Visitor: 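So that we are looking at the same thing, I have put the structure below in structure tokens.
Below, read A as the first sequence line, B as the second, and so on, with proteins coming before strands; counting in each chain starts at 1. It should be emphasised that the depicted structure is a prediction, and the values quoted were computed from it without experimental measurement. Only this structure's heavy atoms are used, side chains among them; waters, hydrogens and symmetry mates stay out.
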Protein chains: 2
Amino acid sequence: METATLTEVRDGVKCIEMMPAAEDALYIIAGKWKVRILMALGMGDKRFNELQRALSGISARVLSNELKDLELNGLVTKQTLANGTILYVRNDYADSLRGVMSELAKWGLLHKQKIRNREI
Amino acid sequence: METATLTEVRDGVKCIEMMPAAEDALYIIAGKWKVRILMALGMGDKRFNELQRALSGISARVLSNELKDLELNGLVTKQTLANGTILYVRNDYADSLRGVMSELAKWGLLHKQKIRNREI
DNA sequence: CCGCATCCAACAAGATACTG
DNA sequence: CAGTATCTTGTTGGATGCGG
């Protein structure tokens, strides 16, 4: 009982410590477009309109805002080439999200499975 | 048959396959309250008003909706005890989110660090 | 081609009050 | 206590048009 209680308490504490961090992360990558943009840029650098076409459905205004957010958070970099072309580049820091993305995808698949099996 | 696919191409494909699943997962746990509610219930089962107090700031209407969502997705169960008390219980299924949460928290901490160090 | 400004619609969410 | 109803407000997103 003593040990069990302690473990539970420790888990609770861990839980509490994790909460704000997890929320912060969610705050940055959540939303309709963030993940899609990062994924699209994962396929290669793109110009604004290329990106807009690749994401079919996003408006210029929203894309502009989302890119600004991603830039602010260091996930995307805006590059201006010598010829004036502007490219949006997914930078290395975005790769640090790999673990998050893969866990999300894994769970998403598990969940879909569960729904398909009518387990929910 | 498409042999020796280039790693980059495979990654691209993987990326595309992951996207919808990751989005699904995000759709379910993103938002201002979902994570907090699961965390609060992780500390022990709670009644509606207990939960509302624990989450300081959520309105009854929003809490009600969020709980319905979480129930629909099998993460939370509503239990009515013999004496009529209604308890919200975090299911075992919610534990399957542990990997996601821990990755999120890990990345969130990394990100905070980066900000603190003015690397962004 | 890039992207911001403006206006508007839709929806999410807060406050408050109220019922079984 | 456990919610629902209603009203209002705030935020998000789409459409359009314009300037660099």
Visitor: Checking the side chain of Arg90(A) only, and the main-chain atoms of Val76(A) only, is there a donor and an acceptor separated by less than 3.5 Å?
Guide: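 Side chain of Arg90(A) to backbone of Val76(A), a donor-acceptor pair under 3.5 Å: no, none is there.
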Visitor: Ignoring hydrogens and angles, tell me if any N or O in the side chain of Asn91(A) forms a donor-acceptor pair with the backbone of Gly74(A) under 3.5 Å.
Guide: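 Answer holds: yes.
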Visitor: Rounded to whole angstroms, how far apart are CG on Asn49(A) and P on dG3(C)?
Guide: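 To the nearest whole Å, that distance equals 8 Å.
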Visitor: With hydrophobic residues grouped by side-chain heavy-atom distances under 4.5 Å, do Val35(B) and Leu109(B) end up in a single group?
Guide: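 No.
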Visitor: Rounded to the nearest angstrom, tell me the gap between atom CG in Leu67(A) and atom P in dC2(C).
Guide: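 Atom-to-atom, Leu67(A) to dC2(C), this comes out as 12 Å.
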Visitor: Rounded to whole angstrom units, what separation is found between the CD atom of Glu71(A) and the C1' atom of dC2(C)?
Guide: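 Spelled out: CD on Glu71(A) to C1' on dC2(C) is 13 Å.
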Visitor: Is there a continuous path of hydrophobic side-chain contacts, each under 4.5 Å between heavy atoms, that joins Leu72(B) to Tyr93(B)?
Guide: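 Different clusters: Leu72(B) never reaches Tyr93(B) through Ile, Leu, Val, Met, Phe, Trp or Tyr contacts under 4.5 Å.
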Visitor: Please state how far atom CD in Glu50(A) lies from atom P in dC1(C), giving the value in whole angstrom units.
Guide: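 Going from CD in Glu50(A) over to P in dC1(C) covers 10 Å.
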Visitor: With no hydrogens and no angle check, is any side-chain donor or acceptor of Asn117(B) less than 3.5 Å from a backbone partner on Glu119(B)?
Guide: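 Pair absent, no side-chain N/O of Asn117(B) close to backbone of Glu119(B).
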Visitor: For the hydrophobic clusters of this structure (ILVMFWY residues joined by side-chain heavy atoms under 4.5 Å, transitively), does one cluster hold both Val100(B) and Leu110(B)?
Guide: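 Shared cluster, yes.
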Visitor: As a check on the pairing definition, encode DNA chain D in dot-bracket form, counting Watson-Crick and G-U wobble pairs whose two distances are under 3.5 Å, and using | for partners outside this strand.
Guide: ||||||||||||||||||.|
Visitor: Applying salt bridge (Lys or Arg N to Asp or Glu O under 4.0 Å) between Glu66(B) and each of Arg61(B), Lys32(B), Lys34(B), Arg36(B), report the one that passes.
Guide: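 Among Arg61(B), Lys32(B), Lys34(B), Arg36(B), the one meeting salt bridge (Lys or Arg N to Asp or Glu O under 4.0 Å) with Glu66(B) is Lys34(B).
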Visitor: Quick check: closest heavy atoms across Ala105(A) and Ala21(B), and the distance to 0.1 Å?
Guide: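 Scanning both residues, the minimum pair turns out to be O-CB, 3.5 Å.
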Visitor: Please tabulate, one pair per line, all N/O donor-acceptor pairs under 3.5 Å involving side-chain atoms of residues 41-50 of chain A, not counting sequence neighbours.
Guide:
from: Lys46(A); atom 1: NZ; to: Ala40(A); atom 2: O; distance (Å): 3.3
from: Lys46(A); atom 1: NZ; to: Gly44(A); atom 2: O; distance (Å): 3.3
from: Glu50(A); atom 1: OE1; to: Arg47(A); atom 2: N; distance (Å): 2.8

Visitor: For nucleotides 8-20 of chain C, just jot down a letter per nucleotide in 5' to 3' order: B, S or -, based on protein non-hydrogen atoms under 4.0 Å.
Guide: -----BBB-----
Visitor: For Arg53(B) and for Ser64(B), locate the closest nucleotide of DNA chain D by heavy-atom distance; then report the residue assigned to the nucleotide nearer the 5' terminus.
Guide: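 First, find each residue's nearest nucleotide; the 5'-ward one identifies Arg53(B).
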Visitor: My understanding is that only one of Leu38(B), Asn65(B), Ile58(B), Leu67(B) makes a side-chain contact (heavy atoms from CB on, under 4.5 Å) with Trp33(B); could you say which?
Guide: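 Single pass found, and it is Ile58(B).
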Visitor: Just how far, in rounded Å, is C1' of dC2(C) from CD1 of Ile86(A)?
Guide: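 Value for this atom pair: 6 Å.
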Visitor: Check whether Asn73(A) reaches the backbone of Leu75(A) with its side chain - one donor and one acceptor, N or O, closer than 3.5 Å.
Guide: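 Checked: no pair found.
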Visitor: Grab the two heavy atoms, one from Ala30(B) and one from Ala30(A), that are nearest each other, plus how far apart they are.
Guide: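 Nearest heavy atoms, Ala30(B) then Ala30(A): CB-CB, 3.8 Å.
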Visitor: Taking any atom closer than 4.0 angstrom to a non-hydrogen atom of chain B, what span of DNA chain D does the protein reach, first nucleotide to last?
Guide: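 That gives a stretch of dC1(D) to dT6(D).
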Visitor: List for me each residue that meets side-chain contact (heavy atoms from CB on, under 4.5 Å) alongside Asp92(A), sequence neighbours excluded, and say none if there are none.
Guide: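 Partners of Asp92(A) under the side-chain contact (heavy atoms from CB on, under 4.5 Å) test: Asp95(A).
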Visitor: Within residues 74-83 of chain A, which residues have any heavy atom lying less than 4.0 Å from an atom of DNA chain C?
Guide: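 Contacts with DNA chain C under 4.0 Å: Lys78(A).
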